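The structure appears right after this line, and notes come after that.
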Amino acid sequence: MAGLSPSEVCGIEKATKGVNVLSEGATPGVSVDSDLAEQNLLHWIINMHGAPGTLYEGEVFQLQFKFSNKYPFDSPEVTFVGNNIPIHPHVYSNGHICLSILTDDWSPALSVQSVCLSIVSMLSSCKEKQRPPDNAFYVKTCNKNPKKTKWWYHDDSGLKPTKKT
Amino acid sequence: MTSVNMGNCLKRSTTDDISLLRGSDSVRESSSDQLGPPAYQETLPVQAASPVYHPSPSVTRSVTQLTEEEQIKIAKRIGLIQHLPTGIYDGSKKARECVICMGEFMVGDALRYLPCMHTYHMTCIDDWLMRSLTCPSCLEPVDAALLTSYETN
């Protein structure tokens, strides 16, 4: 891996290991398109099944992970993509997810597996399928990259993403 | 403390500890208006010309763009990181894996121990601590924990 700084090598090793772990099926309901990930280690599509016994049972979602060369020191950009975006108070109809570990509370100890588990569990705890109250406005005005949104993480009652200036 | 002194702090620390500079490769700008004396170029060719720092994890700035407040913050971080114990992995410790890179510790690897007893590769954790002084595993603030460990010992 000539020409890469130690932190970049660290990120590549972690991403490679992540593909392997997910390919082995270590996380129930979560699998990675390993052909795509092997072509481009910085861009993954993950299939996520709604957990049994929850509002999302039987549904399949696609999650996109985009890594920068600063991963794992910088959080991956994680969005839902494809035809089926889960209807959830923290998920916008454009696939953006309001989840603090994806921005402010990111830690380099988090992995793709742990992020997937957090998202599965966020979906599983949902009691009523509905979009965030400000969905229409947010989707119209937001940046394409959810990491450019300044999220307010004061939980369920009032979600208020505001744009970073 | 004047800003000239702060510049000296940053310069001296970065030339002392090369590991803190690794990964700071993407931003290269003219260093004509750098604070403090010119970088020591002989041992640190390209990277020392304009190292980048991360006042917080998602913010990247070249050394010339840092505010005085951010310079102080980063100088404190560098000082504090240098007070954290290091060691060489000899295969005997319980910790087997660095959760940052998910790589197993190999005999001879340079490690750093945080006050909360979590252990990482030195290059991995130093890269993170230069962005945030928290333990990636337990999220404990490293500076507060270090003070506590001094008080109890």
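Below, read A as the first sequence line, B as the second, and so on, with proteins coming before strands; counting in each chain starts at 1. Quick caveat: nothing in here was measured; it's all calculated off a predicted structure.
With chain A as partner, the option from B/C124, B/S137, B/G103, B/P57 having the largest number of non-hydrogen pairs under 4.5 angstrom is B/C124. Counting heavy-atom pairs closer than 4.5 Å to chain B, the top residue among A/A109, A/S111, A/A15, A/P108 is A/P108.
Only the side chain of B/L139 has a heavy atom closer than 4.5 Å to any heavy atom of chain A. No part of A/T103 comes within reach of chain B, as not one of its non-hydrogen atoms sits under 4.5 angstrom from that chain.
Residues B/D143 and B/K76 are not paired through a salt bridge, judged by the lack of any N-O separation under 4.0 Å between the basic side chain and the carboxylate.
A ring-centre distance under 6.0 Å is not found for A/H49 and A/Y56.
Taken together through direct or relayed side-chain contacts under 4.5 Å among Ile, Leu, Val, Met, Phe, Trp and Tyr, A/L123 and A/L117 form parts of separate hydrophobic clusters.
Aromatic ring pairs are classed by plane angle as parallel below 30°, tilted from 30° to 60° and perpendicular above 60°; the pair A/H96 and A/W151 is perpendicular.
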